[in-house]
> 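Input: one structure, supplied below.
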Amino acid sequence: MNASSGAIAIGISNARLFQMLTDEGIRRSELIAMQSQIVSQTTAILQSLADGVIVCDLYGSVLSVNAAAATILQRNVEELVVWNLHDLLKRYLHQRADELPLDGLLARPLDSVGKARMLETTARVGSRVVSMTMVPVLKEDSEMLGALLVLRDITREVEADRLKIEFIGTMSHELRTPMTAIKGFTQLLLMGSVWAIKRYAERVCQHDL
């Protein structure tokens with residue numbers, strides 16, 4: 001009877017253990033499926049962005065690159081994912097690489113008031129002007145995970161600003177000549193000299209011819 005009771009107890013214990021392992025296996029499978037879904041959604045969002053996005057780990061190794069980043073940097077995604085972000089910044093910024101100090105950001109991700117630091121600069125990539133913004137990737141408890149580099153093609157904005165400045169300069173120059181003549185006539189009118197006004201008008205007409 002005792003042997004039978006012991007066997008039953010062992011059987012029940014094993015059944016409970018099997019059920020626990022089964023439940024744990026199901027729970028882990030659900031977590032893995034959920035994580036896989038989140039990764040898929042995040043990847044889809046990154047790939048749909050017009051801005052380029054490059055994510056690296058604590059050592060600068062590139063973890064993720066979207067298609068826009070590859071287009072802006074004029075490289076293949078497959079090529080960029082095997083790069084280190086340190087090398088990528090040096091390649092595109094050259095002597096200005098210290099304007100985006102990745103090591104400094106990874107070592108000190110927060111500013112003096114506890115907010116995530118943001119580093120910005122611009123670079124020439126072929127005929128394009130690219131805005132580069134780098135921020136740390138942090139968990140809710142501020143644990144450092146890596147960094148994120150956002151790339152934006154601002155060529156049109158830069159060209160628009162240049163054309164605006166040229167237009168203002170041209171208009172200023174074009175208005176300078178008539179304004180000078182008006183100023184001269186005004187001064188002569190204030191002097192009240194009809195003869196002087198006539199002589200000044202003759203000189204202006206001769207100059208225009």
Side-chain angles (χ1 to χ4, degrees), residues 24 26-162 164-165:
E24 180 65 18
I26 293 173
R27 189 180 71 85
R28 291 191 178 187
S29 296
E30 290 174 348
L31 287 175
I32 292 173
M34 186 181 300
Q35 289 177 347
S36 178
Q37 183 179 4
I38 292 172
V39 170
S40 297
Q41 290 175 345
T42 303
T43 301
I45 292 172
L46 286 177
Q47 295 303 325
S48 66
L49 293 176
D51 292 342
V53 177
I54 299 177
V55 183
C56 75
D57 63 14
L58 293 172
Y59 305 99
S61 298
V62 174
L63 301 175
S64 180
V65 178
N66 69 349
T71 300
I72 292 173
L73 296 179
Q74 300 178 1
R75 301 281 177 177
N76 296 323
V77 172
E78 294 78 14
E79 181 182 359
L80 292 175
V81 293
V82 298
W83 280 18
N84 188 286
L85 192 54
H86 292 94
D87 298 330
L88 187 148
L89 293 173
K90 289 178 181 178
R91 180 182 290 263
Y92 287 95
L93 293 174
H94 306 290
Q95 291 85 0
R96 296 171 47 236
D98 58 350
E99 295 179 11
L100 287 184
L102 178 58
D103 285 333
L105 183 69
L106 293 173
R108 188 169 63 86
L110 304 179
D111 60 18
S112 58
V113 296
K115 293 185 177 181
R117 294 171 62 202
M118 178 183 294
L119 308 178
E120 298 178 290
T121 191
T122 59
R124 277 276 179 184
V125 181
S127 60
R128 297 179 177 181
V129 180
V130 178
S131 166
M132 294 185 170
T133 304
M134 189 163 62
V135 294
V137 178
L138 303 168
K139 293 176 66 175
E140 292 183 0
D141 58 0
S142 295
E143 179 185 349
M144 190 71 179
L145 297 177
L148 183 146
L149 179 67
V150 178
L151 309 168
R152 174 172 294 176
D153 186 346
I154 59 171
T155 307
R156 289 185 177 180
E157 290 90 333
V158 172
E159 180 65 13
D161 287 341
R162 185 186 68 81
K164 181 176 67 176
I165 292 171

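Model, not experiment: these values are computed from the prediction. One is the number of the first residue; the rest follow in order along the sequence.
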> Closest heavy-atom contact between Pro136 and Ala116?
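Closest approach of Pro136 to Ala116: CG-CB, 3.8 Å.
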> Any side-chain heavy-atom pair from Leu138 and Leu110 closer than 4.5 angstrom?
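Sidechains of Leu110 and Leu138: in contact.
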> Write down the atom of Ile54, the atom of Ala69, and the distance for their closest heavy-atom approach.
CG1-CB, 4.0 Å
> Would a distance-only check, ignoring hydrogens and angles, find a side-chain to backbone donor-acceptor pair under 3.5 Å from Asn84 to Cys56?
no
> If you draw a 6.0 Å radius around CZ in Arg152, do more than 12 non-hydrogen atoms from other residues or ligands fall strictly inside?
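It does not: Arg152 CZ has 12 such atoms or fewer within range.
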> Which pair of heavy atoms, one from Val65 and one from Ala70, lies closest together, and at what distance?
CG1-N, 4.5 Å
> Quick check against the 3.5 Å criterion: does Tyr92 have a side-chain atom that pairs as donor or acceptor with the backbone of Ala123?
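It does not hold such a pair.
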> Could you measure the distance from the CE atom of Met132 to the CG atom of Leu73? Nearest 0.5 Å is fine.
6.0 Å
> Would a 4.5 Å heavy-atom cut-off, applied to side chains only, mark Arg117 and Val135 as touching?
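No. Closest side-chain heavy atoms not under 4.5 Å.
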> State which residue, out of Leu106, Leu63, Leu145, Val62, fulfils the side-chain contact (heavy atoms from CB on, under 4.5 Å) condition with Asp57.
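Option passing the side-chain contact (heavy atoms from CB on, under 4.5 Å) with Asp57: Leu63.
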> Looking at CG of Leu151 and CE of Met134, how far apart are the two atoms once the value is rounded to the nearest 0.5 Å?
11.0 Å
> Heavy atoms, side chains only, cut-off 4.5 Å: are Asp103 and His86 in contact?
yes
> So with a 6.0 Å cut-off around CD of Gln74, is the heavy-atom count from everything else above 12?
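Correct, the count exceeds 12.
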> Could you state the interatomic distance from CZ (Arg128) to CZ (Arg156), rounded to the nearest 0.5 Å?
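Interatomic distance, Arg128 CZ to Arg156 CZ, rounded to 0.5 Å: 10.5 Å.
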> Do the side chain of Asn76 and the main chain of Glu78 share a donor and acceptor less than 3.5 angstrom apart?
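Absent.
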> Can you find a heavy atom in the side chain of Ser127 that is under 4.5 Å from one in the side chain of Thr155?
no
> Counting only N and O atoms by type, is there a donor-acceptor contact under 3.5 Å from the side chain of Asn66 to the main-chain atoms of Asp51?
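Yes, Asn66 side chain to Asp51 backbone: donor-acceptor pair under 3.5 Å.
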> Return the NE2 to CZ distance between His94 and Arg124, rounded to the nearest 0.5 Å.
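Nearest 0.5 Å value for the NE2-CZ distance: 12.5 Å.
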> Side chain of Thr122, backbone of Ser131: donor and acceptor closer than 3.5 Å?
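No, because the side chain of Thr122 does not come within donor-acceptor range (under 3.5 Å) of the backbone of Ser131.
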